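Nothing here was measured: the structure is a model prediction, and the numbers come from that model.
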Number of protein chains: 2
Amino acid sequence: MESNKVPDIVVGRLPIYLRALTYLAEEGQSVVSSQDLGKRLGISSAQIRKDLSHFGEFGKQGTGYEVGYLRDQLKRILRIEGRWPVALIGCGALGTAVAYYQGFAPKGFEIAAVFDNDPGKIGQRVSDKPVMDVAELPRVVREKNIRIAIVAVPSTAAQRIVNTLVDCGIKGILNYAPINISVPPGVQVQYIDPAVHLQRMTYYL
Amino acid sequence: MESNKVPDIVVGRLPIYLRALTYLAEEGQSVVSSQDLGKRLGISSAQIRKDLSHFGEFGKQGTGYEVGYLRDQLKRILRIEGRWPVALIGCGALGTAVAYYQGFAPKGFEIAAVFDNDPGKIGQRVSDKPVMDVAELPRVVREKNIRIAIVAVPSTAAQRIVNTLVDCGIKGILNYAPINISVPPGVQVQYIDPAVHLQRMTYYL
DNA sequence: TAGATTGTTAATCGATTAACAATC
DNA sequence: TAGATTGTTAATCGATTAACAATC
């Protein structure tokens with residue numbers, strides 16, 4: 001095990017491994033080799049072994065990896081054994097869809113609070129949660145110990161709300177607004193922009 | 001200009017550059033240097049110049065890049081001068097949200113047809129488009145000359161529908177199902193899995 | 001002209017892969 | 001034991017960066 005700095009690109013692959021292992025566990029497969037897993041993901045077996053070796057020794061020579069065990073270890077490494085509370089900012093069409101999305105809970109996240117700045121929306125319920133005034137962000141973030149936020153506001157409002165979030169102590173932001181935002185060091189940002197993914201494909205068509 | 005094979009990672013950054021240039025053009029900025037742009041995106045100026053150099057010479061020494069011109073060149077390179085018709089498969093909560101998403105049109109895509117296999121949904125309208133039977137996929141894809149599809153079906157159905165799409169001649173797939181799918185060479189796949197992005201951040205929290 | 005910035009080369013840096021001893 | 005597969009090392013491959021001549 002090398003306990004130095006693990007490359008971001010390696011950390012970025014762990015959730016992909018985890019997703020595949022969770023699937024295999026559901027399928028009832030109890031053991032998987034790096035070769036099996038690699039074939040499934042389009043990744044070389046050497047890369048999988050090297051990636052995992054950053055965190056420890058999880059396999060058995062001649063056999064491979066115990067699916068459930070490796071899955072749990074990856075959850076531990078990624079710190080998603082429990083359930084992270086997440087703040088959702090923006091309750092328009094996109095934000096509402098995010099609020100109803102079923103995919104977060106099984107992966108270790110729950111929308112703990114929903115915010116908007118439209119008086120017409122504040123107080124209403126979305127996916128069984130009350131929409132709160134953005135002004136309440138600092139209080140709620142503190143009270144619920146929220147460290148991650150999902151930004152689903154219009155592009156024009158994105159940087160402003162991100163600044164607010166950072167001030168509230170948010171350390172991870174998942175940004176659905178199709179715009180680059182800037183954050184201070186130590187704050188993680190990930191982007192979801194489906195159009196960008198489509199544009200990555202057209203070059204090859 | 002090097003007209004050999006352009007690395008995928010370079011092609012992948014072009015939509016990011018394009019997004020920033022579109023934004024700058026809207027802001028009324030007419031010229032941008034690689035340094036400006038890089039600072040905005042958190043990318044080195046050298047990398048931006050190197051990336052662009054794969055496709056031609058677009059800048060002017062001492063000045064930088066004309067924003068509108070470079071934006072249009074990137075659109076040309078990415079082949080998004082026109083509007084690509086896209087098939088949307090799956091009309092549940094997620095698919096419906098995708099159908100209503102406003103972000104595709106300005107980036108060069110339009111949902112040209114919506115499909116589901118639920119008789120209760122077929123014939124209804126979603127975002128002003130009729131939901132069609134998946135059985136009609138081959139005909140519609142051919143008639144509308146569709147080459148890109150968005151998959152928003154349950155994980156359990158994803159690989160099956162992807163196989164159908166590939167048989168229909170689809171060459172690019174944007175997959176919202178949280179599962180790895182396999183496709184033959186020559187078919188592009190991109191993934192949208194918000195939970196994976198969240199999991200990439202928790203490691204650092 | 002002086003200052004700024006490009007496009008490109010060469011050097012550096014980092015990631016992937018091949019290979020294999022260890023061992024289940 | 002024989003076969004298979006891990007974890008790790010060293011080699012390879014590719015991507016990023018520094019530097020600078022060219023030139024606007």
Side-chain angles (χ1 to χ4, degrees), chain A residues 1-17 20-21 24 29-74 77 200 203-204, chain B residues 1-17 20-21 24 29-74 77 200 203-204:
Chain A
M1 162 160 44
E2 321 160 19
S3 240
N4 291 336
K5 174 78 165 73
V6 179
D8 289 350
I9 199 164
V10 172
V11 174
R13 278 192 293 263
L14 298 186
I16 306 296
Y17 299 161
L21 289 162
L24 290 173
Q29 189 172 329
S30 61
V31 169
V32 70
S33 69
S34 58
Q35 199 168 109
D36 285 350
L37 192 57
K39 203 163 286 171
R40 188 173 280 277
L41 298 178
I43 289 178
S44 79
S45 62
Q47 179 158 88
I48 290 174
R49 294 198 302 279
K50 185 121 219 303
D51 284 355
L52 295 177
S53 76
H54 286 94
F55 306 98
E57 307 191 354
F58 306 107
K60 203 182 281 187
Q61 284 105 321
T63 312
Y65 302 87
E66 209 276 299
V67 171
Y69 175 71
L70 183 54
R71 176 200 58 199
D72 292 343
Q73 289 301 304
L74 287 179
I77 293 164
R200 278 178 183 157
Y203 175 81
Y204 300 97
Chain B
M1 164 164 42
E2 322 160 18
S3 239
N4 291 336
K5 173 78 163 71
V6 179
D8 289 350
I9 199 165
V10 172
V11 175
R13 278 192 293 261
L14 298 187
I16 305 297
Y17 298 162
L21 290 161
L24 290 173
Q29 188 171 330
S30 60
V31 169
V32 69
S33 68
S34 58
Q35 197 167 110
D36 285 350
L37 193 57
K39 204 162 290 176
R40 189 173 280 276
L41 298 177
I43 290 178
S44 79
S45 62
Q47 179 159 86
I48 290 175
R49 294 198 303 278
K50 184 121 220 302
D51 284 354
L52 295 177
S53 77
H54 286 94
F55 305 97
E57 307 190 354
F58 306 107
K60 204 181 280 187
Q61 285 103 324
T63 311
Y65 302 88
E66 209 277 299
V67 171
Y69 174 73
L70 183 54
R71 176 199 60 199
D72 292 344
Q73 290 300 304
L74 287 179
I77 293 164
R200 280 178 182 155
Y203 175 80
Y204 300 97

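The distance between atom CD of Q47(A) and atom C1' of dA19(C), rounded to the nearest whole Å, is 17 Å. Separating the CD1 atom of I48(A) from the C1' atom of dT8(D) is a distance of 16 Å, rounded to the nearest angstrom. Rounding to whole angstrom units, CG of residue L52(A) and C1' of dT8(D) are separated by 13 Å. For H54(A) and dA15(C), the NE2 to C1' distance is 9 Å, given to the nearest whole Å. Protein atom CG of D8(B) is 18 Å distant from nucleotide atom P of dC13(D), rounded to whole Å. Taking atom CD of residue E66(B) and atom P of nucleotide dT5(C), one finds them 16 Å apart after rounding to whole Å. Between L37(B) atom CG and dG7(C) atom P there is a gap of 13 Å when expressed in whole angstrom units. Separating the CZ atom of F58(B) from the P atom of dT8(C) is a distance of 11 Å, rounded to the nearest angstrom.
Between F55(A) and Y203(B), the ring planes are perpendicular. Angles over 60° get that label, and only those under 30° would be called parallel.
Within the 4.0 Å cut-off from OP1 or OP2 of dC24(D), not a single side-chain nitrogen or oxygen of T63(B) is found. Within the structure, every side-chain polar atom (N or O) of S34(B) is placed at least 4.0 Å from both OP1 and OP2 of dT5(C). Considering only side-chain N and O atoms, Y65(A) lies nowhere under 4.0 angstrom from the phosphate OP1 or OP2 of dA4(D). For the OP1/OP2 pair of dT6(D) and a distance below 4.0 Å, the side-chain nitrogens and oxygens of R49(A) include at least one atom meeting the criterion.
Closest to the side chain of S53(A), out of dT8(D), dA15(C), dT8(C), is dT8(D). The side chain of S33(B) lies closest to dT5(C) when the candidates are dG7(C), dT17(C), dT5(C). Here the nucleotide nearest the side chain of K50(B), chosen from dA22(C), dT8(C), dT16(C), is dT8(C). Candidate nucleotides dT6(D), dA18(C), dC24(D) were compared by shortest atom distance to the side chain of Q61(B), and dC24(D) ranks first.
Applying the Watson-Crick and G-U wobble criteria (two distances, each under 3.5 Å), dA11(C) pairs with dT16(D). Using N1 to N3 plus N6-O4 or O6-N4 for Watson-Crick, or N1-O2 and O6-N3 for G-U wobble, each under 3.5 Å, dT23(C) pairs with dA4(D).
Heavy atoms only, all atoms of each residue included: L24(B) and V67(B) are closest at CB-CG1, 4.1 Å. Heavy atoms only, all atoms of each residue included: R49(B) and S34(B) are closest at NH1-OG, 3.0 Å.
For Q35(B), the CD atom is loosely surrounded, since the number of other residues' heavy atoms within 6.0 Å does not exceed 12.
With the nearest nucleotide of DNA chain C identified for both R13(A) and K60(B), K60(B) has the one nearer the 5' end.
Looking only at side-chain heavy atoms (C-beta outward), Y65(B) and L52(B) come within less than 4.5 Å of each other.
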